[in-house]
Amino acid sequence: MEKKVGFEGTMIRSNWRLLFLLTIVPLLLTGCGKPFISALNPQGPVAREQYSLILLSILIMTLVIVVVVIIYVYVLLKFREKPGQEGYPEQVEGSHKLEITWTVIPIILIIILAIPTVQSTFNLSENPPSSEAAAESDALLIKVTAHQYWWEIEYPDYGIVTAQDIYIPTGERVYFEVTAKDVIHSFWVPSLGGKIDANPGLTNHIFLEADKPGVYHGKCAELCGPSHALMDFKVIALEPSEFEQWLATMSDYNDAPQTALAEQGRAIFEQSCIACHATDGATKSPYPNLAGLGDREAIAGYLKNTPENLKRWIENPEEVKEGNLMPSATELGLSEQDIDALVEYLSQLKLN
Amino acid sequence: MSTHAVKRTSVSLQQKPSFGSVLWDWLTTVDHKKIGIMYLAAGGFFFILGGLEALLMRLQLMYPENTLVSGTTFNELMTMHGTTMIFFAAMPILFGLINCIMPLQIGARDVAYPFMNALSFWLFLFGGILMNISWFLGSAPDAGWTSYVPLASQAPSGMDFYVLGLQVSGAGTLMSGINFMVTILTMRAPGMSLMRMPMFTWTTFIASALIVFAFPALTAGLFLLMFDRIFGAQFFDVAGGGNVIIWQHLFWIFGHPEVYILVLPAFGIISEVVSTFSKKRLFGYSSMVIATILIGFIGFMVWAHHMFAVGMGPIANALFSVATMAIAVPTGIKIFNWLLTMWGGRIRFTTAMLYCVGFIPSFVMGGVTGVMVAAAPADYQYHDTYFVVAHFHYTIVGGVVLGIMAALYYWWPKIFGKKLNETLGKWNFWLFLIGFHLTFFVQHLLGLMGMPRRVYTYLEGLGFETGNFISTIGAILMAVAALIFVINIIYTHTRVKEIAEADPWDGRTLEWATETPVPFYNFAQTPLVRGLDPLFIEKTQGDGKMKPAEPLGEIHMPSPSILPILLAFGIFIVGLGFCLHSFFDNKWISYFIVFIGTVFSLLMMMFHSIKEDHGYHIHPNDYTNKGVGM
Amino acid sequence: MQSDQTGVLPPHPEKATLEGRNKILGLWFFIASDVVLFASLMGTHLALRGSTQGAPGPQELFHLEYVALMTFILLTSSMTSLLGIKAMQRYQFKQMQTWFWLTVLLGLSFLGLEIYEFYQFVIYHGLGFETNAFASSFYTLLGFHGAHVTFGILWVVTLLIRSRSQGITTYTAPKFYLFSLYWHFVDVVWVFVFTLVYLMGKVG
Amino acid sequence: MTAKRYTVDDSIKESQSQKRENRQFYVTFILMLVLTALSFVAVASEKIPSGFTIPFILLIAFILLVLQVVIFMHLNDKNTEFPTLFFFSGFFIAIITIATLMLLIWW
């Protein structure tokens with residue numbers, strides 16, 4: 001019996017050391033998460049406010065854990081049964097003083113956490129300014145509509161409709177109106193701020209702000225079907241002047257083909273794709289508006305934007321993104337040459 | 001009437017009964033201990049099933065852009081893993097333990113409604129079978145265990161099996177809840193006042209009360225979903241004026257208390273085991289009782305913290321935030337009371353106690369992350385990410401599963417008559433604990449680093465590779481640990497010859513005062529309870545034996561019956577009929593199956609009602625032994 | 001168990017045995033649970049009652065005289081089932097049977113009226129179960145209540161038929177008592193149905 | 001069963017108290033009829049503003065509930081603490097459920 005206890009003692013200690021090592025390793029390897037996606041690396045005031053609340057709660061909770069672990073380790077070391085002990089130890093009923101202490105202290109800790117929680121809940125719930133106020137303040141409003149498995153982006157004040165990439169100016173609160181077409185999705189850009197659900201039939205509001213220019217990864221956070229994992233989008237923050245330029249490009253988007261092959265591609269597009277897609281940056285087509293596709297961050301939301309990937313996507317969408325609704329090239333009756341022409345046309349739908 | 005009993009005892013004493021008669025005995029039993037064992041066996045089976053599903057998911061996520069399973073299959077695995085573990089593994093195993101132990105702890109001869117107890121079990125089993133049939137009929141449910149609409153109302157036929165499977169087993173669960181409550185309120189031995197009940201009995205009582213109030217919300221929600229899917233109702237169809245948030249509220253009005261339905265009995269187990277192996281009475285018994293009641297009560301006002309990101313507005317979010325944080329207070333009381341129970345005690349590190357010792361820090365981790373996710377603005381970041389996955393696995397594996405394992409090692413000799421092997425037990429424990437922390441601790445970080453939950457894959461270069469790899473290794477360790485547990489069971493029941501002593505751990509409560517194996521009437525004479533920890537009181541202030549509260553007399557026992565399994569089968573057929581509605585071009589074929597099932601069930605109910613069954617009596621001469629027990 | 005047949009009968013035969021008391025307690029817990037079931041359905045209906053999508057809504061559909069009649073019938077049936085129990089406690093078997101058969105009759109007429117009401121909604125207003133969310137939630141809630149009434153009727157009829165030869169004993173008494181508790185509860189639910197669905201629907 | 005034997009004397013006392021009880025039942029029944037009627041009248045009458053009607057009919061519904069449960073279902077008897085506790089807990093949960101579904105899904 002005695003030997004066994006000793007064996008367990010060392011096991012407990014080595015177990016904890018092992019655990020500590022194994023859990024700290026990924027932290028060291030990844031720094032504190034990548035700045036373009038991690039909530040631990042906030043890139044704007046909203047994410048920062050949430051991050052500071054996370055830090056405060058981690059701090060309080062670490063305190064709790066430390067207290068518990070100290071008592072725990074002491075008890076386990078001190079009060080193990082020693083050989084030769086017989087009978088029973090003193091049977092203690094309880095202690096009102098102690099019990100009141102560990103009721104009151106947690107209450108205090110929780111109040112300390114509850115106050116900033118409530119404050120920040122209200123801080124972060126500001127709705128977009130009403131239309132008159134918006135006209136005065138120039139606040140940017142973006143309508144986001146989630147579909148299985150892509151994001152429709154509309155700038156109602158500028159008549160711009162696009163998809164997947166959300167362009168915003170830096171240093172300014174941008175308001176989002178979020179809804180969904182088919183099932184529930186959730187709109188989340190971790191490094192800029194927390195998420196809000198996109199509910200069909202209902203509209204939610206959220207605002208985000210980016211400090212500096214950059215590409216921030218966005219994700220769908222609510223299970224929405226087989227390709228939920230691939231329903232990514234990007235938030236691209238630009239300096240205000242560059243953003244103005246982008247607005248100008250998009251509000252009068254030139255989708256004319258530039259080369260002969262592209263000309264051919266355009267003809268095929270108008271024959272096979274136009275029922276679902278538009279390319280003018282202004283029409284709310286049933287499936288993504290492709291204006292600026294050549295400069296999008298990704299194909300199908302997650303593949304690197306190369307002509308090869310675009311071709312792969314057009315040829316067999318189901319293989320790229322399970323459960324999506326785009327018909328395959330065979331279903332559309334497109335030949336190899338047709339696809340090449342289409343790829344040529346679509347790739348040159350750029351932003352300049 | 002007593003001839004029946006004589007026949008039973010003589011069969012069990014003399015010759016080895018045939019396989020058929022043993023099977024018949026189990027199929028018709030209304031004995032709470034046998035029903036408990038069946039719960040444990042069926043729950044164990046589903047636990048392995050759910051574990052394999054989890055393992056497949058972890059293997060898929062081991063590397064970025066892995067192609068072991070497709071997105072659809074992953075969603076099916078994930079949905080079935082969650083649903084199976086909650087409804088068909090954790091809850092039934094707890095019900096098994098409650099069935100085996102709680103009536104013994106209060107000195108009762110059975111539960112209040114033995115017939116309904118059997119019915120509950122068979123309903124649960126048929127519900128689980130119904131849901132898993134979907135694997136063989138095209139598609140399994142794939143909208144997550146929460147089955148948010150409209151994804152769930154539009155999902156393929158597998159979803160029907162989720163709806164009906166849960167409906168069938170939910171009916172059984174509700175019956176169990178009522179059964180346990182009435183048992184605890186009216187069947188306690190003389191002298192056992194409410195404030196002398198063992199903690200496990202107390203937590204069972206509160207968990208049962210939660211079942212009674214929480215399950216109807218799920219029942220209602222499932223009916224709405226079923227009507228939408230099968231009869232074209234418009235509850236969740238926006239085009240028809242429906243609303244997709246109603247389901248979420250109904251689901252979580254049930255779903256949050258469900259968490260406490262699972263964890264409260266585990267709290268009870270920890271209280272019992274810690275007290276026994278510290279050789280001390282539970283520190284702050286009355287505050288433990290109050291904390292349990294408070295957790296149950298507050299547990300009902302916090303469900304919307306699962307919905308902070310839904311867009312309920314700041315007032316609701318703030319209110320539910322604060323209410324949720326409040327739960328930490330009674331939970332904290334429990335943690336400190338356990339620590340103080342060990343303080344000044346003489347701790348024996350048996351496997352059961354090791355599981356409790358492992359439980360405390362693990363559950364504290366789950367608790368503190370619970371407070372963290374309660375802060376609504378921070379939860380906008382945590383919600384639906386791996387942080388939440390880590391959090392609830394810390395409470396459910398670190399809390400409920402560790403508690404269940406402690407209970408299995410602790411009560412195994414009483415339930416099965418053999419003591420599990422301690423050396424294998426310790427291997428089992430350490431591998432499981434290390435595997436558990438490896439699997440889930442890194443998931444906190446993954447979530448904060450931006451990995452959403454329920455994703456079947458992730459892209460390279462986002463920084464999720466290391467964490468996921470470690471997590472998968474941990475899952476494999478947990479699987480090995482589970483395998484060792486199975487080996488331990490097989491080893492114990494094939495190699496160990498001696499029957500365990502009646503009181504192998506120097507126990508304090510009434511279940512240890514019965515002989516092992518426990519006779520089917522539990523106590524020849526109902527024991528007289530003189531205080532909290534009644535057996536301990538007799539050990540220190542008496543001669544170590546319980547005093548009888550009644551003279552020797554006839555014992556009234558309920559008769560076995562085949563009707564519970566037949567009735568449950570009829571209800572299973574009803575469910576199956578509804579599930580098949582999309583398989584036939586003519587819907588009336590499936591409604592005909594429903595009709596057959598309904599008529600059959602009603603006939604069984606009428607049989608039960610018409611066949612007057614007053615049970616039977618055992619004469620004192622027919623007991624195998626006299627006295628309270630031992 | 002059989003002691004009541006030899007000595008003077010206990011004044012509360014339904015509570016004379018542990019089994020009887022357990023059943024009553026259990027039914028109470030079931031009722032408490034059913035309260036939440038009905039609340040969920042009622043909440044759903046109240047949330048969706050505006051979702052008529054242009055089809056006729058509560059204001060046009062509901063006729064108060066009709067609902068009032070149904071309410072008084074169900075309320076009276078609650079009273080008759082209580083009088084049945086009082087007769088049972090006095091061991092007047094014949095009287096008890098009469099009161100309970102009367103309860104059955106009232107229950108059946110309530111059901112008949114309800115079915116007739118639905119029939120009118122479907123035929124004259126074209127309001128089917130699938131028409132809109134309002135209709136789905138209305139028929140579901142009312143359907144659940146109606147199913148409870150139907151089940152209660154089947155229950156008590158079975159009891160009445162099979163206890164004909166036995167009379168009132170400590171074995172049969174709890175069964176009748178359980179039914180009457182259940183029946184009162186069905187009436188309580190109706191109180192909230194007519195208030196929250198019909199009257200509030202009419203007020204708007 | 002350890003219950004005491006009932007004597008003829010007990011039976012007489014019982015029957016007297018039962019008469020009082022029966023009167024109570026009839027009074028309750030009539031009260032319930034009247035209250036129900038009031039609630040219908042309040043809604044049917046065009047003159048009463050809906051701001052008054054709704055709380056009024058809700059109050060009546062609650063009174064009807066209490067009468068039915070306490071008098072008809074005997075929650076005023078001895079040893080009914082647990083039924084009372086659980087019934088009203090269920091009622092309480094019912095209220096928050098209904099309130100939530102009404103208030104929190106349209107915003």
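Within every chain, numbering begins at 1; the chains are lettered A, B, ... in the order of the sequence lines, protein sequences first and strands thereafter.
Taking every heavy atom of both residues into account, A:Ile184 and B:Pro150 meet most closely at CG1-CD, 3.9 Å. Across all their heavy atoms, A:Ile196 and B:Gly311 have their closest contact at CD1-CA, 4.2 Å. Of all the heavy atoms in B:Ala318 and A:Phe122, the pair that sits closest is CB-CE1, 3.9 Å. Here the closest non-hydrogen pair linking B:Ser278 and A:Pro89 is O-CG, 3.9 Å.
Ring geometry, A:Trp102 versus B:Phe336: the interplanar angle falls under 30°, so the pair is classed parallel (tilted spans 30 to 60°).
Within the 3.5 Å criterion, the main-chain N or O of B:Gln381 finds a donor-acceptor partner in the side chain of A:Lys195. Without hydrogens or angle criteria, A:Tyr72 side chain to B:Val357 main chain gives a donor-acceptor distance under 3.5 Å. For A:Asn204 (side chain) and B:Val310 (main-chain N/O), a donor-acceptor pair under 3.5 Å exists by modelled atom type.
When each of B:Val322, B:Ile315, B:Asn317 is tested with A:Thr121 by the rule side chain to side chain contact (heavy atoms under 4.5 Å, CB included), just one qualifies, namely B:Asn317. Each of B:Arg348, B:Lys279, B:Arg346 was checked for a side-chain hydrogen bond (donor to acceptor under 3.5 Å, both in side chains) with A:Glu81, and the lone residue meeting it is B:Lys279.
Proximity to chain A is limited to the side chain of B:Thr385, based on heavy atoms less than 4.5 angstrom apart. No part of A:Thr62 comes within reach of chain B, as not one of its non-hydrogen atoms sits under 4.5 angstrom from that chain. For chain B, the nearby part of A:Leu98 is the side chain; its heavy atoms alone come within less than 4.5 Å. In this structure, the portions of B:Thr72 lying under 4.5 Å from any heavy atom of chain A include both its backbone and its side chain. For B:Leu448, the parts lying near chain A are the backbone and the side chain together; criterion is any non-hydrogen pair under 4.5 Å. Both the backbone and the side chain of A:Thr117 come within less than 4.5 Å of a heavy atom in chain B. Only the backbone of B:Tyr285 comes within less than 4.5 Å of a heavy atom in chain A; its side chain stays farther off. For chain B, the nearby part of A:Leu124 is the side chain; its heavy atoms alone come within less than 4.5 Å. In this structure, chain B has a heavy atom under 4.5 Å from the side chain of A:Glu322, while its backbone stays farther away. Looking at B:Gln154, the atoms closer than 4.5 Å to chain A (heavy atoms on both sides) all sit in the side chain, from C-beta outward. Heavy atoms closer than 4.5 Å to chain A are found in the backbone of B:Asp142, but not in its side chain. B:Ile333 touches chain A through backbone and side chain together, each having a heavy atom under 4.5 Å away. Only the side chain of B:Met78 has a heavy atom closer than 4.5 Å to any heavy atom of chain A. In this structure, chain B has a heavy atom under 4.5 Å from the side chain of A:Leu230, while its backbone stays farther away. Both the backbone and the side chain of A:Glu93 have a heavy atom closer than 4.5 Å to some heavy atom of chain B. Heavy-atom distances place both the backbone and the side chain of A:Val68 under 4.5 Å from chain B. Of the atoms belonging to B:Leu459, it is side-chain heavy atoms, and not backbone ones, that fall under 4.5 Å from chain A. Using a 4.5 Å cut-off between heavy atoms, B:Phe277 makes no contact with chain A at all. Using a 4.5 Å cut-off between heavy atoms, B:Asn337 contacts chain A through both its backbone and its side chain. For B:Gln248, the part lying under 4.5 angstrom from a heavy atom of chain A is the side chain only. Only the side chain of A:His217 comes within contact range of chain B, with at least one heavy atom under 4.5 Å from a heavy atom of that chain. Heavy atoms of B:Val368 lying under 4.5 Å from chain A belong to its backbone as well as its side chain.
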Applying side chain to side chain contact (heavy atoms under 4.5 Å, CB included), run through A:Leu53 and B:Tyr380 and close with a yes or a no.
-> CA-CA 11 Å; A:Leu53 194 60; B:Tyr380 300 155; over 6 Å; no

Derivation and outcome, side chain to side chain contact (heavy atoms under 4.5 Å, CB included), residues B:Lys539 and A:Tyr88 = CA-CA 11 Å; B:Lys539 280 178 183 170; A:Tyr88 295 98; 3.8 Å; yes

Step by step, would you call B:Arg281 with A:Val92 a side chain to side chain contact (heavy atoms under 4.5 Å, CB included)?
-> CA-CA 7 Å; B:Arg281 64 174 278 164; A:Val92 189; 6.0 Å; no

Take A:His228 and B:Arg453 through the test side chain to side chain contact (heavy atoms under 4.5 Å, CB included) and record every step on the way to the result.
-> CA-CA 10 Å; A:His228 160 60; B:Arg453 69 191 277 205; over 6 Å; no

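Counting only heavy atoms from C-beta outward, the side chains of B:Val371 and A:Leu113 approach each other to under 4.5 Å. You'll find the side chain of A:Val183 stays beyond 4.5 Å of the side chain of B:Tyr148, heavy atoms only. Put simply, the side chain of A:Met61 does not reach to within 4.5 Å of the side chain of B:Met365, judged on heavy atoms. At least one side-chain heavy atom of B:Ile347 sits under 4.5 Å from a side-chain heavy atom of A:Val75. The side-chain heavy atoms of A:Leu56 and B:Met372, taken from C-beta on, include no pair separated by under 4.5 Å.
For B:Trp343 and A:Tyr74, the gap between ring centers is short of 6.0 Å.
Between chain B and the options A:Trp188, A:Phe187, A:Tyr302, the largest number of non-hydrogen pairs under 4.5 Å is found for A:Trp188. Between chain A and the options B:Met451, B:Met325, B:Glu76, the largest number of non-hydrogen pairs under 4.5 Å is found for B:Met325. For the set A:Ala221, A:Pro106, A:Ser125, A:Gly323, the count of heavy-atom pairs under 4.5 angstrom toward chain B peaks at A:Ala221. Counting heavy-atom pairs closer than 4.5 Å to chain A, the top residue among B:Gly358, B:Gly345, B:Ala152 is B:Gly345. Ranked by heavy-atom pairs shorter than 4.5 Å toward chain B, the options A:Ala180, A:Ser186, A:Gly193 are led by A:Gly193. Among B:Gly344, B:Ser321, B:Gly332, the residue making the largest number of heavy-atom pairs under 4.5 Å with chain A is B:Gly344. Most heavy-atom pairs under 4.5 Å with chain B, from the set A:Gln148, A:Glu99, A:His205, A:Gln119: that is A:Glu99. In terms of non-hydrogen atom pairs under 4.5 Å with chain B, the most contact-rich of A:Ile206, A:Ile110, A:Asn123 is A:Ile110. Chain B forms more heavy-atom pairs under 4.5 Å with one residue of A:Glu49, A:Gln50, A:Lys219 than with any other, namely A:Gln50.
The structure places CZ of B:Phe283 at 12.5 Å from CD of A:Gln91, a figure rounded to the nearest 0.5 Å. Annotation: the span from B:Leu340 atom CG to A:Ser95 atom OG amounts to 7.5 Å, rounded to 0.5 Å.
Using a cut-off of 4.0 Å between Lys/Arg side-chain N and Asp/Glu carboxylate O, A:Glu90 and B:Lys280 are scored as not salt-bridged.
A 6.0 Å sphere centred on NZ of A:Lys97 holds no more than 12 heavy atoms belonging to other residues, nucleotides or ligands.
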